There are 2 protein chains.
Amino acid sequence: MSAALSAIERFSRYQSDDAQSVKPVHCPVRDVLDRIGDKWSILLLMTLAMRPQRFSELHRAVRDISKRMLTQTLRDLERDGLITRHVFPTKPPSVEYCLSPLGQSLLEPMASLIDWADRRYSDIHAARVRFDGAPSDVQRS
Amino acid sequence: MSAALSAIERFSRYQSDDAQSVKPVHCPVRDVLDRIGDKWSILLLMTLAMRPQRFSELHRAVRDISKRMLTQTLRDLERDGLITRHVFPTKPPSVEYCLSPLGQSLLEPMASLIDWADRRYSDIHAARVRFDGAPSDVQRS
DNA sequence: GAGGGCAGGTCTCACATAGAGACCTGCGAC
DNA sequence: GTCGCAGGTCTCTATGTGAGACCTGCCCTC
């Protein structure tokens, strides 16, 4: 726990450095979070964690992503070295995406987040119902 | 590792259930990820992890968030029970936000992600440079 | 040998979301 | 009375996203 929290302290140093300087300080953590924290990246990484998959397989697995965003997200992940892209010279060429070692290394921290999400979902859902049910200052005692 | 990866397997089951059914299957993991995976939530949670803070402190800590998004993100986090909001009846009323126990429980998985981001940033940065430097099939050998 | 189909995209347009920054509210100090 | 402050809300514009038509090679069928 304290080991993990030291990461937060390290991050906080970037924050306070930034707050104190005139020019914004570049924070690697934010950079990375902006990347994998978008709408589709984690979802695609999780999907590829099961096995390498082709473009259209991914599209079927994550049905509500548009081709446009699928292409774009995959390209960004490839750019960041998290996945690799292989083109096979079949009749209509097929393209397979799979996790790189760097992408693999992200699985463990990501899985702990998924695990949290799955275990705490009922709490979150309950909190939402409670919040929406008490629109102003209605307090149950 | 295998314990963590079992979370991924569990998640994959939602995915394949969804792929097979006609009606989309509601996936709690996606629900939660959509929430904390937005541009500002993790950043604010990390900032609040250090200590409870007031609206304007948060605004100073995360300088490039707009008031609009700060308000909205805080409200969403409160709705999900991750943070609590206390109004103090000072002369101009001040408002303090702090992590709820549920929010605290998110710190550990989040910290491991932060830690990953911090340690792997140089790899990611290198991959980006490589990708941008090789626009087509130029390969350094 | 013309037409159709498939994989993996790109392009265009319409709409939703985010950011900038002006404004609001209540109150105490000057 | 009017200034300033905390914590917002509102409006306008810029940016991002989704839907879905279209494109490109190539093979297969007719």
Side-chain angles (χ1 to χ4, degrees), chain A residues 18-19 24 27 30-31 33-44 47-48 51-80 83-98 131 135-137, chain B residues 18-19 24 27 30-31 33-44 47-48 51-80 83-98 131 135-137:
Chain A
D18 181 69
C27 171
R30 291 194 49 174
D31 195 338
L33 287 181
D34 279 357
R35 166 103 313 287
I36 64 166
D38 69 12
K39 199 172 179 356
W40 303 110
S41 293
I42 293 190
L43 232 43
L44 289 175
T47 306
L48 287 174
R51 64 173 185 285
Q53 286 182 69
R54 293 170 48 184
F55 187 87
S56 42
E57 288 180 293
L58 287 168
H59 201 184
R60 271 190 297 279
V62 185
R63 287 196 297 180
D64 51 349
I65 191 175
S66 63
K67 280 176 152 195
R68 191 178 166 288
M69 288 313 294
L70 180 55
T71 307
Q72 184 177 311
T73 307
L74 287 171
R75 188 125 46 234
D76 287 346
L77 291 173
E78 185 195 1
R79 181 169 109 97
D80 285 357
I83 65 177
T84 58
R85 178 175 180 275
H86 276 281
V87 182
F88 293 100
T90 52
K91 337 69 161 319
S94 59
V95 180
E96 190 176 80
Y97 294 90
C98 68
F131 188 91
S136 57
D137 49 10
Chain B
D18 180 70
C27 169
R30 292 194 50 173
D31 195 339
L33 287 182
D34 279 356
R35 166 101 316 285
I36 65 166
D38 69 13
K39 199 171 179 353
W40 302 112
S41 293
I42 292 190
L43 232 43
L44 289 174
T47 307
L48 287 174
R51 63 172 187 287
Q53 287 183 68
R54 293 169 48 183
F55 187 88
S56 42
E57 288 180 292
L58 287 168
H59 201 185
R60 272 191 297 277
V62 185
R63 289 197 296 180
D64 50 349
I65 192 176
S66 63
K67 280 177 150 191
R68 191 178 164 289
M69 287 315 292
L70 181 54
T71 306
Q72 184 177 311
T73 306
L74 287 171
R75 188 124 48 233
D76 286 346
L77 291 173
E78 186 195 1
R79 181 169 111 98
D80 285 357
I83 64 176
T84 58
R85 179 176 179 275
H86 276 282
V87 182
F88 293 100
T90 52
K91 24 279 191 65
S94 58
V95 179
E96 190 175 80
Y97 293 91
C98 68
F131 188 91
S136 56
D137 50 9

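The sequence lines fix the lettering, A, B, ..., with proteins before strands; numbering per chain opens at 1. In this text, all values refer to a predicted model and were calculated from it rather than measured experimentally.
Residue B:Arg75 places at least one side-chain N or O under 4.0 Å from the OP1 or OP2 atom of D:dT9. Here B:Arg54 reaches the OP1 or OP2 of D:dG7: one of its side-chain N or O atoms lies under 4.0 Å away. Contact annotation: A:Trp40 side-chain N/O to D:dG16 OP1/OP2 distance is not under 4.0 Å.
At whole-Å resolution of the value, OH in B:Tyr97 and P in D:dA6 are 14 Å apart. Rounded to an integer number of Å, the gap from B:Met69 CE to D:dT9 P is 13 Å. Counting to the nearest Å, the P atom of C:dG9 and the CG atom of A:Leu70 are 8 Å from each other. Straight-line distance from the NZ atom of B:Lys91 to the P atom of D:dC3: 21 Å, rounded to whole Å. Taking atom CG of residue A:Leu58 and atom P of nucleotide C:dG8, one finds them 9 Å apart after rounding to whole Å. In this structure, A:Asp64 places its CG atom 8 Å from P of D:dG18, rounding to the nearest Å. One interatomic measurement links the two molecules: CG of B:Asp76 to C1' of C:dA18, which rounds to 14 Å at whole-angstrom precision. The CZ atom of A:Phe88 sits 13 Å away from the P atom of C:dG9 (whole-angstrom rounding).
Between A:Lys39 and B:Val95, the residue anchored closer to the 5' end of DNA chain D is B:Val95, taking for each the nucleotide with the nearest heavy atom. Nearest-nucleotide positions on DNA chain D for A:Pro92 and A:Asp38 put A:Asp38 closer to the 5' end. Place A:Ser56 and B:Gln72 on DNA chain C by their nearest nucleotides, and A:Ser56 ends up nearer the 5' end.
Atom CZ of residue A:Arg54 and atom NE2 of residue A:His59 lie 14.5 Å apart, to the nearest 0.5 angstrom.
Residue B:Ser66 has its side chain nearest to C:dA20 when only D:dG18, D:dG8, C:dA20 are considered. For A:Ser94, counting side-chain heavy atoms from C-beta on, the closest listed nucleotide (D:dG18, D:dT9, C:dG8) is C:dG8. Taking only side-chain atoms of A:Arg85, from C-beta outward, the nucleotide of D:dT11, D:dG7, C:dG9 with the closest atom is C:dG9.
Side-chain atoms of A:Ser41 come within 3.5 Å of backbone N or O of A:Arg35 as a donor-acceptor pair. Here the side chain of B:Arg63 pairs a donor or acceptor atom with the backbone of A:Asp18 at under 3.5 angstrom.
Residues A:Asp64 and B:Arg30 form a side-chain contact, since some pair of their non-hydrogen atoms from C-beta on lies under 4.5 Å apart. Side-chain contact between A:Leu48 and A:Leu58: present, with at least one pair of heavy atoms (C-beta onward) separated by less than 4.5 Å.
Here A:Thr71 lies in heavy-atom contact (under 4.0 Å) with a base. Within 4.0 Å (heavy atoms only), A:Lys67 reaches at least one base atom of the nucleic acid.
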